[in-house]
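Read the structure below first, then the notes.
One-based numbering along the sequence shown. This is a predicted model, so every value here is computed, not measured.
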Amino acid sequence: SSGGPPAAEEAGGPYHERQRLELCAVHALNNVLQRPHFTQEAADEICKRLAPDARLNPHRSLLGTGNYDVNVIMAALQSLELAAVWWDKRRSLERLVLGQILGFILNVPSQVSLGFVALPLRRKHWLAIRQLHGTYYNLDSKLRAPVAIGGEAELRWEPFGGRRVTAVGTRVSPPASPSGRAFLRDFLSQGLCEVFLVVPHAVEEAGAWLSPE
């Protein structure tokens with residue numbers, strides 16, 4: 001199985017796989033694709049292709065529970081004529097050409113828990129952002145259900161605190177509230193967060209996902 005039971009799909013909402021083991025990379029891939037395309041077995045096979053002679057594969061957990069790295073995500077997308085383009089945080093988010101971007105895959109710090117006890121450790125977690133019917137959704141596999149971010153206007157910027165904030169997405173809340181800060185800006189402000197744009201291979205080659213300065 002590629003993940004937990006999809007949420008909201010039956011009601012016409014986005015396809016959403018829930019977290020299982022350390023398979024967040026697989027869930028992020030399927031959530032951004034909006035279909036259950038990849039499995040743990042497929043990801044493990046990619047790992048073997050990436051490091052065929054390695055006794056301990058560097059692209060996944062030693063326990064065999066997942067925890068795949070970005071090379072696995074990139075190779076998986078390449079098999080579908082797609083690419084994961086790393087976003088340089090020094091660029092203005094205004095330069096994103098959203099119409100050329102299928103979705104976003106984020107790599108963010110995540111607290112490790114053992115049962116009900118949160119451990120003082122930080123691991124990396126993959127999650128997907130995708131638009132459906134004009135609304136962008138946070139499809140994090142750790143969420144019980146998809147969370148609506150908003151349309152392109154909310155995705156790009158939000159008037160907050162009397163000034164314009166450049167970003168890709170906002171939490172849906174009143175602008176005067178501290179929780180109304182821009183969605184991707186919140187993630188990027190964590191420092192260790194990385195953002196990858198999922199685009200068709202032809203778009204990557206042409207650089208059409210980025211507008212001129």
Side-chain angles (χ1 to χ4, degrees), residues 14-15 24-35 37-38 46 50 59 68-109 124-141 146-161 163-172 175 180-213:
Y15 177 84
C24 56
V26 173
H27 301 320
L29 283 164
N30 290 337
N31 287 341
V32 83
L33 294 171
Q34 283 296 284
R35 64 184 189 274
H37 185 86
F38 290 105
I46 291 173
L50 291 172
H59 302 292
Y68 303 106
D69 70 10
V70 68
N71 298 283
V72 177
I73 286 178
M74 287 180 162
L77 291 171
Q78 284 169 7
S79 71
L80 298 175
E81 294 296 315
L82 296 170
V85 178
W86 175 73
W87 176 252
D88 187 338
K89 300 170 192 174
R90 293 170 296 182
R91 290 186 173 124
S92 166
L93 291 165
E94 289 285 344
R95 297 183 63 196
L96 287 171
V97 182
L98 294 175
Q100 300 283 1
I101 299 169
L102 177 70
F104 301 86
I105 291 181
L106 279 57
N107 188 238
V108 300
K124 302 294 272 187
H125 175 66
W126 296 103
L127 63 93
I129 307 294
R130 176 69 192 261
Q131 187 201 79
L132 183 71
H133 307 311
T135 299
Y136 284 86
Y137 289 89
N138 179 358
L139 300 173
D140 187 347
S141 56
V147 173
I149 297 169
E152 284 197 11
E154 292 85 2
L155 200 73
R156 282 201 177 278
W157 61 276
E158 174 182 280
F160 178 67
R163 60 188 175 87
R164 185 176 181 184
V165 176
T166 302
V168 181
T170 60
R171 289 198 178 93
V172 181
R181 289 166 52 201
F183 182 85
L184 249 189
R185 181 170 171 263
D186 281 354
F187 281 111
L188 290 171
S189 69
Q190 296 180 39
L192 298 176
C193 172
E194 299 294 344
V195 174
F196 295 88
L197 321 178
V198 179
V199 300
H201 181 61
V203 170
E204 179 203 23
E205 285 201 326
W209 50 273
L210 185 69
S211 65
E213 287 189 274

Donor-acceptor side-chain pairing of N138 and D140 below 3.5 angstrom
no

Could you tell me which non-hydrogen atom of H27 sits nearest to which non-hydrogen atom of S141, and how far apart they are?
CB-CB, 3.7 Å

Answer whether the closest heavy-atom distance between the side chains of W126 and V70 falls below 4.5 Å.
yes

Contact check, side chains of N107 and I73, non-hydrogen atoms, under 4.5 Å
no

Evaluation steps, side-chain contact (heavy atoms from CB on, under 4.5 Å), between V203 and V97:
CA-CA 10 Å; V203 170; V97 182; over 6 Å; no

Could you tell me whether the side chain of R130 reaches within less than 4.5 Å of the side chain of L102, counting heavy atoms only?
yes

For E94 versus S211, what's the shortest heavy-atom pair and its separation?
O-OG, 4.3 Å

Classify the ring geometry between Y136 and F104 as parallel (under 30°), tilted (30 to 60°) or perpendicular (over 60°).
tilted

Heavy-atom closest contact (G103 atom, V32 atom, distance)
CA-CG2, 3.8 Å

Could you grab the distance from atom CD1 of I46 to atom CE of M74, nearest 0.5 Å is fine?
13.0 Å

Using the side chain to side chain contact (heavy atoms under 4.5 Å, CB included) rule, pick out the option among V198, L82, I105 that qualifies with L29.
I105

Taking the side chain as everything from C-beta on, heavy atoms only, tell me whether Q131 gets closer than 4.5 Å to I101.
no

Check for a donor-acceptor pair, side chain of N31 on one end and backbone N or O of A128 on the other, with a separation under 3.5 Å.
no

Is a side-chain donor or acceptor of E81 paired with a backbone partner of H201 at a separation under 3.5 angstrom?
no

Check: E194 main-chain N/O paired with W86 side-chain donor or acceptor under 3.5 Å
no

Measure across C193 and K89 and return the closest heavy-atom pair with its distance rounded to 0.1 Å.
O-NZ, 2.6 Å

Distance, nearest 0.5 Å, that separates CG of L96 from CH2 of W87:
4.0 Å

Give the minimum heavy-atom separation between W209 and R91, together with the two atoms involved.
CH2-NH1, 3.5 Å

Closest non-hydrogen atom pair between A208 and Q100, with its separation:
O-CG, 3.4 Å

Is there side-chain contact between I149 and I129, with at least one heavy-atom pair below 4.5 Å?
yes

